[in-house]
Amino acid sequence: MELSAKYNPAETEDKWYAWWLENKFFHSEPDGREPYTIVIPPPNVTGILHMGHVLNNTLNDVLVRKARMDGKNACWVPGTDHASIATESKVVAKLKAQGINKEDITREEFLRHAWEWKEKHGGIILSQLRKLGASCDWDRTKFTMDPDLSRAVTDTFVYFYNKGYIYRGVRMVNWDPVGLTAVSDEEVIHRDTTSKFYHLRYFISDGHGNPTQEFLTIATTRPETIMADAAICVNPADERYHWLRGKKVLIPLINKEIPVIEDSYVEMDFGTGCLKVTPAHDVNDYEIGLRHNLPVIDIIDDHGRLNEKARILVGEDRFEARRKIEKMLEEAGNLVKVEDYTSPVGYSERTNAVIEPRLSMQWFLRMDALAGDALESVESGKVKLIPDKYRNTYRHWMENVHDWCISRQLWWGQRIPAWYLPDGRYVVSSTAEEALEMAKALMPEIAFEDLRQDEDVLDTWFSSWLWPISVFDPEMPGHPEHTPNRDLSYYYPTNDLVTGPDILFFWVARMIMAGNEFMKDVPFHNVYLTGIVRDKLGRKMSKTLGNSPDPLDLIAKYGADGVRLGMLLCTSAGNDILFDESQVEQGRNFCNKIWNAFRLVSGWKVDGQAGQPSAATVAVKWFGHRLNEAIAEMEDHYGKFRLSDALMGIYRLFWDDFCAWYLELVKPAYGACIDKATYDATLGFFDALLKMIHPFMPFITEELWHDLAPRGGKETIMFQRMPVAGNYDAAFIEDFAMAEEAVVALRAIRQQKNISPKEPLKLRVYGDFPEEVMPAVIKLANIASVETAKSDADSGAELPFMVRTVKMSVPAEGLVDAGKELEKLEADLKYQEEFLAIVRRKLSNEKFVNGAPEKVVAVERKKEADAVSKIESLKASIAALK
RNA sequence: GGGAGCAUAGCUCAGUUGGUUCAGAGCGUCUGCCUUACAAGCAGAGGGUCGGGGGUUCGACUCCCUCUGCUCCCACCA
């Protein structure tokens, strides 16, 4: 069969993925083997694949495939997240485009649209993952809103409610006026934002609601909220304002009378020292209001517009109102001045809307006890964070945790299982039937129609924190007394989790909490935190910038193996990834290199009678040792989650050691046959290399592994055992390295002297060069004869070079440019002499000889001896030239 | 404002408890090659006083202090 000179990924990838699926190679069932488990960080159900997913899932796949080849029962559970706020806003937008407002339809109608949307777009991302080669157990695919997983969420709510951890209350929450829901503290992103600092004059009241001539000045960034002011506050120690004690002031424009109060919260040297207190729209003001028993006047509605309580500018958006009120204040003579000002402003992570601190009734989960245990899990090392710099961040968060606001004013998600009686009391229960029973205990005559379920749904993370448990046994969450089913007891705890540090708290920490609570064990042992994928200029990839390539386009262009490699080449844990398409090109080139190496080997004709050439004998022996060394290095890197290092080691092993040195050494002359021993050894090496590459590049390795030898119908490289490192002779590898150095030096001489590679050279060796590897030098440097020099002095008509401490030369009458050679040799001599001087200075330093470990001193003595011998050789060469 | 981290070749990064000729890799660059596996390739070469300064040590890319620059996390000075 004639093989093309280029590897064609498109042809092979779909073929093998279909074959893997057909044979259910990714499917796992509990058995006697050691399990290796990963649960996917579930992507948004309606999401599409982006480069972050490529990174994450490639890493996951490498780990899973490696474990599979280590003989473990590997199980990678895929699935999707319902992503309540993100999905709901997409559906709202889609309906709006059709002329339907969410407000105008019922909850049931909306959910029907949402499910329709989910059926249509859900799972697209999972099919895209297949293109990437992800070896997920698709039979286990889960969705966080599957009925049984939803039930787990509800049960968890009931469990924590009964435990006294969940409470309902009016609190200051972060209100998202675009998403129309409260969000948790973690979903608020603070960004420095330029705004204005308004200095406003409030006149003192005469006691009857009329202004006097006296006034005070406050500074605020939010003049549109003055109508909600409940007081003006100064620091009790601020003597400038003692005269204000007991006075009342008038809110500009609406002339409402409010008291002046004192509270040490106010900083005297910030702003004017007078703070307007607006309990409804600022967290701190709310706290002050509580201390001073101030009324809460909420003038902003769900959409961020002023309501009728504002009295003026009713119906205006808060930012529009700010612009307008500035003018009104100016005209009324209350505006003193306006300064530019930069301060942190909270934005909604999902909708990017400016968060409105707002008082509302929400459900909360107490976090102190849960966080304490979760902190211990990491501190004790039961859960390892990689890289471990995140431990600090993690600890800080866990020690300063706030109660978790778990209710969301949305429809897409698990509805809160609280049922209200007509009198406002409520019961909490997993099912409506049970709720009715409980309600009857409170109010015997109550009917089902009288019960009203809470309108809110639960935060998405309230379902994803159960993920490592609920994908295996949805009966478990909320029921720690339940006996785990077969899957859960086999696969839990999972092994590794690969995710981004941005959801360390949202997700990772909370999974640890849920695991500790329901399983009395952590959900995973290693958390590998990836960086963010950025473009090569370091910018975050985003749709609006248009700097994010479509992974499917990349796969179409370079192949999935190439994309995987390109992604992995620049991936060290915890560091951001600067992604550049040229890396994918490099990945594709590597595919091609592997392909062509195979093409060479597959074309060989074997001669069973032929003896093994000495160069091949050296090569086979050397590569055997080198391979073992490389396997050991690879395992070491895997153990430390240094996957890009593991990959790079294999890359160089294949490209440099195997192709550039080994194959060149064993390659028979054109048209000639290869001996059986070398051929078999080569196939064995190729086989081992393909296995080592397989976790990184699953497709091309499966393809070539099948071409390498006849395979049975269901044989796959996926289940072959990863090569195990045997002993290797490091000294022999070093000897071979000397041969390599000699070859490089000889090639350099050819290039400098313009000698064709086809013209054989003579070689003269001074001193001890390892005899065994000489055939390698002879073959690769095209040496006609090797002569051992009798003395150190050469003839002058030679081109000398040093390989470590061994002097060699090419006798070359007529090619020697004495002047140039001399210059080179003298420069080298000078360097060596200086080096020797440094070493000797060290060795004559008693403190060094006595203080340094023996080993280090011995090394210095060796350096000294080597330098002395090199200097002698150089001097001999120089003398000869002169 | 508090905390953490980073700074090594043109670019992206290794450098594991201070000590092998330790200043490295990949990519890029330069030079020469279409040599019958591969020009998506082969061969060869150049390139950094390890951000600045100080200190500890026989010895510092590595430990300490300081300065500069960048990044991230946390945070209720309106």
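Here is how names work: the chains are called A, B, and so on, in the same order as the sequence lines, proteins then strands, and each is numbered from 1.
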B:C58 P sits how many Å from A:Leu843 CG, rounded?
-> 16 Å
When the distance from CG of A:Asn850 to C1' of B:U57 is rounded to whole Å, what number comes out?
-> 15 Å
Could you check which of [options] has an atom nearest any side-chain atom of [X]?
X	options	value
A:Lys640	B:U16, B:A39, B:C73	B:U16
A:Lys6	B:C38, B:A14, B:A75	B:C38
A:Tyr651	B:C27, B:A78, B:A4	B:C27
A:Gln586	B:C38, B:C27, B:A25	B:C27
A:Ala748	B:A75, B:A45, B:U12	B:A45

Of A:Lys847 and A:Arg652, the one whose closest nucleotide on RNA chain B sits nearer the 5' end is A:Arg652
Where each residue is assigned the nucleotide of RNA chain B containing its nearest heavy atom, which of A:Tyr670 and A:Val849 is assigned the position nearer the 5′ end?
-> A:Tyr670
Could you tell me whether [X] contacts a base, only the sugar-phosphate backbone, or nothing, with contacts defined as non-hydrogen atoms closer than 4.0 Å?
X	value
A:Val859	sugar-phosphate
A:Glu734	nothing
A:Phe835	base
A:Cys233	nothing
A:Ala867	nothing

State whether [X] places a side-chain N or O below 4.0 Å from either non-bridging phosphate oxygen (OP1 or OP2) of [N].
X	N	value
A:Arg642	B:G15	yes
A:Lys593	B:C42	yes
A:Asn596	B:G41	no

For the side chain of A:Arg588 and the base of B:A40, is some donor closer than 3.5 Å to an acceptor across the two?
-> yes
Any N/O donor-acceptor pair, A:Glu664 side-chain to B:A43 base, under 3.5 Å = no
Under 3.5 Å side-chain donor-acceptor pair for A:Asn284 and A:Tyr265 | yes
Quick one: do the A:Tyr651 and A:Gln586 side chains pair a donor with an acceptor below 3.5 Å?
-> yes
Is the shortest side-chain N to carboxylate O distance from A:Arg840 to A:Glu864 below 4.0 Å?
-> yes
Go ahead and name the base partner of B:G19; Watson-Crick or wobble counts if both distances stay under 3.5 Å, otherwise write none.
-> B:C58
Distance between the P atoms of B:C63 and B:A43, in whole angstroms?
-> 38 Å
